[in-house]
Amino acid sequence: MSLKVYNTLSRQKEDFEPLQAGMVSMYVCGPTVYDKAHVGHAMSSLVFDTIRRYLEYRGYKVKHVMNYTDVDDKIIVRALREEVEFIEVAQRYISEYGRHIDELNILHADVYPRATDEIGHIIEMVEDLIEKGYAYAAEGDVYFRVEKDDDYGKLSRRKLEDMQSGARIDVDERKENPMDFAVWKAAKEGEPAWGTPWGKGRPGWHIECSAMSLAHLGEQMDIHGGGNDLVFPHHENEIAQTESLTDKPFAKYWMHNGMLQLSGEKMSKSLGNLITIDDFLADHNADALRMIILNSQYRGPLTFNNEVIEQAERALERIHSAFRPANAGAAGLGDKAGELQEQVEAAKNSFVTAMDDDFNTPGALASIFDLVRNINQARDNGANEEEMAAAQGAIRELAGVLGLRLAAKDAADVDAKPFIDLLSQSEKELGKSETAADLSTAEAIDTLLVVRQELRAAKMWEQSDKVRDELAELGVVIEDSKDGATWRWK
RNA sequence: GGCGACGUGGCCAAGUGGUAAGGCAUGGGUCUGCAAAACCCUGAUCACGGGUUCAAAUCCCGUCGUCGCCUCCA
């Protein structure tokens, strides 16, 4: 069993062998913080969180770095519009993204470097590039000299000639080659700027990641990740800059997640067809978003729409069904308990096999669903709590590797009043004296079930169904069985 | 125009040479006063056309379609 990882650089799945045995360094390009983050950003963070979790499950010690781009044109534009300092805009959205990371159950990176905190490193790097002839200053801007870089284009598989002929960019007279890109930008009046030997200015977009990864992970790293829209020019340029200086392969494995598709198009700020993370979480659980992402292979495009959200929520309910308690009076599986244990082993093995194949999360989910079925079958066959516990623990463990919380709603977080009202109403109809009004939510629901049972015993179907219907409106599902009724949160 | 990815049952989606995982939905059944859940059963030859092979969804060529990048972008 060995882990295979698809490397954008080679366009092939390769055996995963980190530079240092047992250790993995991983740098993921984070957002440019000029606006609210959308579910596409979340997808990237969730994909690499899952990769990290699995690497850790496989026993690797992972050093995870995710940067924030906190100075760029769009941030500056926004700050001017709001009449605040650019850093204020950046800080606002960095704080917000940090909150999303927790809401989405994404493990914290070891470092969250920000461009403006590392200007010193960046300037040093630009100086080095100029000194070695890989970059040149022109009226305060500094450009990378692509023709000096023999293998420029190797990541995105482009040739300089092809790009020049089809390029939609304006030819800048100051560039030696139209494809030369800025590593440093001269500041215009009123823009944030830092002093350098070639004038006041700010970093180009690509140089920050090079400088920060160099500072935090060294000259080489194992995994460099991001959305596949970053392959060119961002990552291509990072490679050009960094390898020109170090003369060593920058990242061993380049990993890119596919784009989330909303109504057939990439969700992006410029297209204006985005759903923010806040929008999504206002109506749905974080597990639902993760489920959608896990259901497809990370490299491919991801269909995102209301139907898919609904399907993911139903699929989660299915996983939750494995955690329902044993049937009342379960006799136990006895000799047959071994079968469930074998099924647990089988599920774990197929989970690892799937994940080892370039993080095939849909396959991993299939293993979990198979085990869910096995548990439910065992319950139907009379398994007791103890017999189900190990299998349920395995579901929790494997789902946890995928970052699913599977948290049950806690009755203590729900206001008891509507349930108590419903209870006294029902008791009135039954002609009973009313129960004390200081019940907890859970107690009120338990008592409602008792009352409903009395109504049913009296064949007062209309009234008993009303209790069920009204509880359903409050989010409580009642399930009858021959051993009595149980309830759960929908 | 250049580069790249993709097209699998109603929907989402694995599978990249030996006759197609999983989830959602549908229909039937068990259970049930009814319902819900769970469980059982139920359906695809893999965009289209050629070719290679004993054998292809899986390799090659072509066609059509969708999408991404080439400009800021997860």
Side-chain angles (χ1 to χ4, degrees), chain A residues 8 11 13 28-32 34 37-48 69 72-74 77 153 156-159 161-170 179 205 225-234 236 256-261 264-271 291-292 294-297 299-305 307-319 321-322 324 327 350 354 357 360-370 372-373 375-381 456 459 461-462 464-465 468-469 472 477-482 485-486 488 490:
Chain A
T8 306
R11 310 282 161 128
K13 286 181 191 172
V28 181
C29 288
T32 300
Y34 70 95
H38 57 71
V39 289
H41 297 111
M43 176 187 181
S44 189
S45 288
L46 287 166
V47 162
F48 287 98
T69 299
D72 95 324
D73 290 349
K74 290 192 171 179
V77 167
S156 55
R157 310 234 163 167
R158 289 157 207 250
K159 296 191 181 75
E161 310 85 74
D162 296 342
M163 287 190 277
Q164 289 167 33
S165 57
R168 283 185 276 156
I169 47 176
D170 297 328
M179 294 314 297
W205 177 34
N228 69 14
D229 54 348
L230 297 182
V231 173
F232 190 90
H234 187 52
E236 192 71 70
H256 295 95
N257 62 276
M259 294 292 101
L260 189 148
Q261 303 291 126
E265 285 182 315
K266 179 177 88 161
M267 180 179 295
S268 80
K269 289 171 183 172
S270 37
L271 288 171
M291 197 66 187
I292 291 168
L294 293 170
N295 186 48
S296 84
Q297 216 283 342
R299 278 186 283 125
L302 179 79
T303 306
F304 190 89
N305 56 42
E307 192 177 3
V308 163
I309 296 170
E310 171 70 20
Q311 290 175 0
E313 289 180 328
R314 299 282 298 128
L316 276 169
E317 282 182 37
R318 177 162 182 75
I319 296 179
S321 75
R324 293 185 195 164
N327 292 325
S350 62
D357 183 16
N360 184 349
T361 52
L365 278 180
S367 312
I368 290 176
F369 282 115
D370 285 341
V372 167
R373 167 170 295 108
I375 291 172
N376 288 333
Q377 285 167 332
R379 184 190 300 101
D380 280 0
N381 290 333
R456 295 179 71 211
K459 296 207 189 297
W461 305 124
E462 200 177 312
S464 70
D465 287 352
R468 185 173 63 200
D469 294 343
V477 181
I478 289 189
E479 284 166 3
D480 293 321
S481 77
K482 54 181 180 292
T486 58
R488 63 183 169 87
K490 181 166 172 53

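Per chain, numbering begins at 1; letters A, B, ... match sequence-line order.
- For Ser44(A), the side chain to side chain donor-acceptor pair (under 3.5 Å) test picks out Asn257(A), with sequence neighbours left out.
- Across all strands, Asn381(A) comes closer than 4.0 Å to no nucleic acid atom at all (heavy-atom distances).
- When distances are taken from the side chain of Ser321(A) to each of rA38(B), rC69(B), rC40(B), the shortest belongs to rA38(B).
- Taking the C1' atom of each, rG9(B) and rA57(B) are spaced 13 Å apart, rounded to whole Å.
- Looking at residues two or more places apart in sequence or on another chain, you find no side chain to side chain donor-acceptor pair (under 3.5 Å) involving Glu310(A).
- In this structure Ala472(A) satisfies the side chain to side chain contact (heavy atoms under 4.5 Å, CB included) test with no other residue, sequence neighbours excluded.
- Remark: Ser296(A) pairs with no residue by the side chain to side chain donor-acceptor pair (under 3.5 Å) rule, at least two apart or across chains.
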Could you go over nucleotides 13-17 of chain B and give all protein N or O partners under 3.5 Å, atom names and distances?
from: rA13(B); atom 1: OP1; to: Thr303(A); atom 2: OG1; distance (Å): 3.0
from: rA13(B); atom 1: O2'; to: Asn295(A); atom 2: O; distance (Å): 3.2
from: rA14(B); atom 1: OP1; to: Gln297(A); atom 2: N; distance (Å): 2.7
from: rA14(B); atom 1: O3'; to: Asn360(A); atom 2: ND2; distance (Å): 3.2
from: rA14(B); atom 1: O2'; to: Asn360(A); atom 2: ND2; distance (Å): 3.1

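- At the heavy-atom level, Val308(A) lies under 4.0 Å from the strands shown only through sugar-phosphate atoms.
- For the residue pair Asn376(A) / Arg373(A), no side-chain donor-acceptor distance below 3.5 Å is found, with atom types taken as modelled.
- Between the P atom of rC72(B) and the OH atom of Tyr34(A) lies a distance of 12 Å, rounded to the nearest Å.
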In B/S/- notation, 5' to 3', how is nucleotides 24-32 of chain B contacted by protein heavy atoms closer than 4.0 Å? BS-------
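- With no hydrogens or angles considered, a side-chain donor-acceptor pair links Glu236(A) and Ser156(A) at under 3.5 Å.
- For Ala366(A), whose side chain is taken as the heavy atoms from C-beta onward, the closest listed nucleotide among rA74(B), rA21(B), rC34(B) is rA21(B).
- Set against rC39(B), rA74(B), rG68(B), the side chain of Asn228(A) has rG68(B) as its closest nucleotide.
- Heavy atoms of Ile292(A) sit nowhere under 4.0 angstrom from any nucleic acid atom.
- Judged by distance alone, the side chains of Ser481(A) and Asn327(A) never bring a donor and an acceptor atom under 3.5 Å apart.
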